[in-house]
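Small disclaimer: the values here were computed from a predicted structure and weren't measured.
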Amino acid sequence: MTTKPSSRAVADLAAYNNGKLYGVWNNAADDLDAIREQVNQILAASPESFAEEYAIHDHEGFGGFILSKYAGLETTHEIACFIEKYPDFGSEC
């Protein structure tokens, strides 16, 4: 699977808690409303009928920044946009 810069795997927690891996990789710097809609679509199409929550189970392209799996879409979006705008910031650390 090829991922984009500052991408993250958003997983359906109801599916995950029932032994199923269900989610999608997305570019965290994309339009925030589009990302929210994508997550809502994932939850609506979940293999579990009670899907309401998501978690970030993996990420790439955030440099040395470690994202919490419970980081919100807004937080990861802001970090990804900052990294896109200032790609060399912190590269010497």
Side-chain angles (χ1 to χ4, degrees):
M1 175 185 307
T2 303
T3 57
K4 297 178 182 177
S6 298
S7 60
R8 64 192 165 194
V10 179
D12 167 8
L13 277 181
Y16 179 78
N17 289 334
N18 284 289
K20 300 169 188 156
L21 296 177
Y22 183 73
V24 67
W25 278 90
N26 64 29
N27 183 341
D30 283 352
D31 178 73
L32 191 53
D33 289 332
I35 293 168
R36 284 188 190 111
E37 180 59 30
Q38 184 181 40
V39 172
N40 289 336
Q41 289 174 0
I42 291 165
L43 296 176
S46 172
E48 302 299 326
S49 61
F50 52 90
E52 297 176 341
E53 298 178 301
Y54 67 90
I56 298 169
H57 282 189
D58 200 2
H59 62 279
E60 292 182 358
F62 283 84
F65 195 88
I66 306 297
L67 293 178
S68 163
K69 65 182 174 180
Y70 300 109
L73 297 177
E74 295 82 4
T75 300
T76 55
H77 174 74
E78 289 174 9
I79 295 165
C81 289
F82 181 88
I83 290 170
E84 278 194 357
K85 189 171 182 177
Y86 305 103
D88 296 327
F89 185 82
S91 63
E92 299 173 6
C93 298

Least distance between heavy atoms, Ile42 atom then Gly23 atom
CG2-CA, 4.2 Å
Closest non-hydrogen atoms of Gly61 and Ser6, given as atom of the first, atom of the second and distance, are O-OG, 3.2 Å
As a quick check of understanding, evaluate side chain to side chain contact (heavy atoms under 4.5 Å, CB included) for Glu84 and Asn27, giving each step before the final call.
CA-CA 11 Å; Glu84 278 194 357; Asn27 183 341; 4.1 Å; yes
Is there a side-chain contact between [X] and [Y], using heavy atoms and a 4.5 Å cut-off?
X: Glu52; Y: Leu43; result: no
X: Tyr16; Y: His57; result: yes
X: Leu73; Y: Tyr54; result: yes
X: Phe65; Y: His59; result: no
X: Tyr70; Y: Ile56; result: no
X: Glu74; Y: Arg36; result: yes

Within the side chain of His77, is there an N or O that forms a donor-acceptor pair under 3.5 Å with the backbone of Ala28?
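Present.
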CA sep, side-chain torsions, deciding dist, call: Leu67, Ile79, side chain to side chain contact (heavy atoms under 4.5 Å, CB included):
CA-CA 10 Å; Leu67 293 178; Ile79 295 165; 4.0 Å; yes
For residues Asp12 and Ser46, is any side-chain donor paired with an opposing acceptor at under 3.5 Å?
yes
Does Trp25 form a side chain to side chain contact (heavy atoms under 4.5 Å, CB included) with Glu60? I'd like the steps, not just the answer.
CA-CA 10 Å; Trp25 278 90; Glu60 292 182 358; 4.1 Å; yes
Consider only side-chain heavy atoms of I, L, V, M, F, W and Y, link residues closer than 4.5 Å, and tell whether Val10 and Leu32 are in one cluster.
yes
